[in-house]
Amino acid sequence: MSAPRTVVTRFAPSPSGHLHVGGARSALFCWAYARQKGGRFLLRIEDTDQKRSSDSASIGFLADLKWLGIDWDEGPSFEGCGGGPNGPYFQSERLDLYNEQLDRLIQSGNAYFAFETAEELDAKRKLAKGEGRAYRYDRAALSLSREEVQSKLAAGVSGVIRFKCPGQDVTIVDEILGSATIPAGEIDDFVIRKADGFPTYHFAVVVDDEFMQVTHVLRAQEHFTNTAKHMLLQDALGYRRPIYGHMPIICNPDGSKMSKRDKDKLLRTAVKSANLTHPPENTVDPATFQSWMQDKNKQLDLADAQKVAEALRVVLPEINVDDFRRSGYLPEVICNFLALNGWSPGHDIEKFDNAFLIERLQLDRIQKTAAKFDRVKLLSFNADAISAMDREVYITRARAHGECYHAQFLERLAAGAFEKLAAASHERTKTLNEMFVTNDWAVADDESITVDAKTADKVLQRGAPTGLTHLIALVPLLNGVAEANWNPQHLESIIKRYADGAAEGQMGKVAQPLRVALTGGTVSPPIFDTLTVLSKSSVMTRVRRCIHAFTSPA
Ligand code: GLU
């Protein structure tokens with residue numbers, strides 16, 4: 001018996017956009033399994049579909065994986081990860097190897113050239129449909145002589161290479177789904193090299209898994225039936241058979257696929273309810289916006305959709321890893337939650353870290369059926385993790401988030417104000433993003449703070465004394481506080497003393513008008529924190545402006 005091979009798992013994304021949570025979950029399980037077995041985890045970029053691939057997408061994938069804490073032993077070099085003896089790790093750079101292996105198949109009679117045009121194949125497909133039979137390639141090209149093939153190739157006729165299927169039942173043994181037999185005749189002579197000279201996914205994946213010494217192929221269920229093709233190719237090429245495990249898809253709670261279309265749907269609803277006929281300023285160009293509005297099947301590209309959503313202050317549903325990052329989810333929470341979407345350690349354990357996942361992951365405990373992604377639960381996991389953080393850690397992580405996504409916000413805050421604002425927001429916040437989007441007042445120009453009529457009526461103009469009366473009385477008191485004493489404790493003592501005398505000790509009666517004057521709204525961190533996130537001069541300006549706005553001229 002041969003010695004057991006070192007476990008090698010791989011994640012092999014096609015860089016056609018951003019890293020979807022489903023892909024991230026595949027990567028996480030492959031990584032954890034390799035770590036558990038003391039093996040290697042490799043990353044391979046499947047960019048043989050030139051139309052769908054882009055360099056920036058693959059860089060995005062790498063950054064997303066790093067952010068999640070998923071490191072790779074072999075693969076594209078990126079921030080300390082990658083390299084390795086079995087590269088290159090971009091399929092588009094491995095054409096010589098594929099051609100060599102294709103040649104072997106042709107020489108052994110297991111593959112052949114075919115030159116039908118797309119139209120010819122289409123006609124054959126239509127005919128089969130009309131006759132009520134399933135289309136299978138009819139092997140017409142097999143009747144071409146060697147010389148005919150050579151002369152077509154020499155004349156530059158565009159052709160593909162097909163695998164000559166042995167026509168036998170194939171039984172797939174799957175560690176997650178169990179076994180299934182794909183009957184002979186279901187698989188026809190599929191294309192293994194396209195007319196553009198690139199191998200198809202089926203061929204490249206089989207060659208690479210062999211040459212990269214992959215022992216375990218853990219991937220999405222959508223590839224389950226492809227496995228039969230891969231096994232036939234492995235046999236024809238004399239390769240080893242990896243162990244297979246196909247993981248359930250992740251879907252929305254209503255069972256629909258979690259896809260980028262969900263974003264578009266929500267954005268359309270928001271645009272409709274805002275009655276927009278033109279794009280918000282500095283978002284997309286009007287022509288793009290109009291043609292998107294007029295065609296339900298069109299989608300704005302992600303960056304444009306994000307701009308429009310931000311202008312409308314709506315949050316698009318997160319689908320890709322970088323969406324969750326932007327929304328302020330913690331990578332460790334995302335990993336925990338993704339692992340739970342499809343796997344469970346049992347004993348009602350739900351919260352765990354990656355070390356636990358590495359220790360406990362068992363392929364036969366991965367579920368067979370689709371996993372439903374419960375956003376409400378994810379948010380509560382995130383909120384719990386944030387509230388369990390040490391204050392200092394929270395401040396550091398919130399700042400790092402701000403540096404990525406809210407640089408202007410940070411620039412506009414006064415020195416030291418960020419720490420105060422973060423500390424005051426920590427307990428009430430569910431994501432790292434929340435403090436930035438709910439505290440605009442902290443970075444707004446003093447002149448831009450306005451109070452709407454309804455709020456003014458409720459908070460400033462009703463009761464006896466009115467909120468406005470309190471504000472007027474507070475001006476000299478606040479003005480009398482020395483800059484050196486502009487801190488929550490001192491301000492509390494001053495305002496409390498005032499409230500005791502003028503509002504029967506009801507601090508809310510005084511705090512709320514002050515909050516409205518400072519922020520324009522009725523929700524903000526505790527009032528003494530709100531006061532000190534702002535400088536004394538900002539506070540005085542805002543309070544005076546508010547008084548002025550609601551004091552009728554004599
Ligand atoms: N490139 C394929 C995908 O992104 C990978 C399939 C596989 O893991 O074999 O779906």
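When a ligand or atom number is given, it counts from 1 through the structure's own listing order. What you see is a predicted model, and the numbers here were worked out from it, not measured in a lab.
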Just jot down the ring pair (Phe, Tyr, Trp, His ring centres under 6.0 Å) partners of His202, sequence neighbours excluded, or say none.
Phe190, His230
Candidates Arg261, Arg268, Lys260 - the one meeting salt bridge (charged side-chain N to carboxylate O under 4.0 Å, His left out) with Asp264
Arg268
Could you tell me whether Lys351 and Asp384 have a side-chain N and a carboxylate O separated by less than 4.0 Å?
yes
Less than 6.0 angstrom separating the ring centers of Trp72 and Phe61, yes or no?
no
Classify the ring geometry between Tyr33 and His216 as parallel (under 30°), tilted (30 to 60°) or perpendicular (over 60°).
tilted
Check ion pair Arg325-Glu318 (N to O, under 4.0 angstrom)
no
Under 4.0 Å from ligand 1 - residues by heavy atom, chain and number:
Arg10, Ala12, Pro13, Ser14, Glu46, Tyr201, Val205, Arg219, His223
